[in-house]
Amino acid sequence: QVQLVESGGGLVQAGGSLRLSCAASGRTFSSLAMGWFRQAPGKEREFVSGINWSGGATYYADSVRGRFTISRDNAKNTVSLQMNGLKPEDTAVYFCAASIHPNAVTQVGSWGQGTQVTVSS
């Protein structure tokens with residue numbers, strides 16, 4: 001089991017930036033794809049971004065492509081989400097997730113606790 005601890009959420013004005021970080025513990029971290037999901041009140045949890053085991057392949061939802069950047073540092077067991085040009089519709093609880101596969105994040109094995117991101121108009 002991979003345990004995930006998130007940080008970096010907060011309140012920011014529209015157009016601003018925020019960086020989310022996820023610290024992982026577990027021997028298998030470097031072999032797993034990682035991702036970020038988000039959930040707004042009254043809405044389903046949605047995929048935001050993913051990254052394969054090595055960091056050589058990244059994936060983004062259409063709504064965030066060009067504004068968000070996912071990265072990982074396997075030596076430090078961390079994955080990050082740099083969010084630029086934030087919009088009010090980005091407001092949600094953001095969850096770090098560890099896949100059970102090295103490439104795909106469609107099957108999540110572990111979830112972080114979630115961190116609130118609020119973007120004001």
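Only this structure's heavy atoms are used, side chains among them; waters, hydrogens and symmetry mates stay out.
- For the pair Leu20 and Gly9, the tightest heavy-atom approach, listed with the atom from each and the gap, is CD2-N, 3.6 Å.
- How far CD1 of Ile51 is from CH2 of Trp36: 12.0 Å, rounded to the nearest 0.5 Å.
- With hydrogens and angles ignored, the 3.5 Å screen pairs no side-chain donor or acceptor of Thr118 with any backbone N or O of Leu11.
- Between Ser54 and Asn74, the shortest heavy-atom contact is CA-ND2, 4.4 Å.
- The minimum heavy-atom distance between Ser71 and Val79, with the atom names listed, is O-CG2, 3.1 Å.
- To the nearest 0.5 Å, the span separating CG on Asn77 from CE on Met34 amounts to 9.5 Å.
- Shown here are the side-chain hydrogen bond (donor to acceptor under 3.5 Å, both in side chains) partners of Gln13, two or more places apart in sequence or in another chain: there are none.
- At a threshold of 4.5 Å between side-chain heavy atoms, the hydrophobic network of Ile, Leu, Val, Met, Phe, Trp and Tyr places Val119 and Val93 in two separate groups.
- With hydrogens and angles left out, the side-chain atoms of Ser17 and Asn84 include a donor and acceptor closer than 3.5 Å.
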Checking Leu86 against Leu18 for the side chain to side chain contact (heavy atoms under 4.5 Å, CB included) test, could you report, in this order, the C-alpha distance in whole Å, the side-chain angles of both residues, the deciding distance, and whether it holds?
CA-CA 8 Å; Leu86 284 164; Leu18 208 58; 3.9 Å; yes
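- Cation-pi geometry between Arg45 and Trp111 is met: the NZ or CZ atom falls under 6.0 Å from the ring centre, inside 45° of the normal.
- Here the OH-CG distance, from Tyr59 to Asn52, works out to 6.0 Å after rounding to the nearest 0.5 Å.
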Could you walk me through whether Tyr60 and Val48 pass side chain to side chain contact (heavy atoms under 4.5 Å, CB included), step by step?
CA-CA 6 Å; Tyr60 299 95; Val48 176; over 6 Å; no
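- Here the CG atom belonging to Leu32 is positioned 9.0 Å from the CD1 atom belonging to Ile100, to the nearest 0.5 angstrom.
- Without hydrogens or angle criteria, Ser80 side chain to Ser21 main chain gives no donor-acceptor distance under 3.5 Å.
- Between the CD atom of Glu6 and the CZ atom of Phe95 there is a distance of 7.5 Å, given to the nearest 0.5 Å.
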Give the intermediate values and the outcome of side chain to side chain contact (heavy atoms under 4.5 Å, CB included) for residues Ile70 and Phe68.
CA-CA 7 Å; Ile70 190 171; Phe68 291 10; over 6 Å; no
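- When the shell of 6.0 Å around CD of Glu44 is examined, it contains 12 or fewer heavy atoms from other residues, nucleotides or ligands.
- A salt bridge (Lys or Arg N to Asp or Glu O under 4.0 Å) check over residues 13-26, counting only residues at least two apart or in different chains, returns nothing.
- When the side-chain hydrogen bond (donor to acceptor under 3.5 Å, both in side chains) test is applied to Asp90, the partners found at least two apart in sequence or on another chain are Arg38, Arg67.
- The ring of Phe47 has its center closer than 6.0 angstrom to the ring center of Phe37.
- Distance check: Thr69 OG1 to Met83 CE gives 11.0 Å after rounding to the nearest 0.5 Å.
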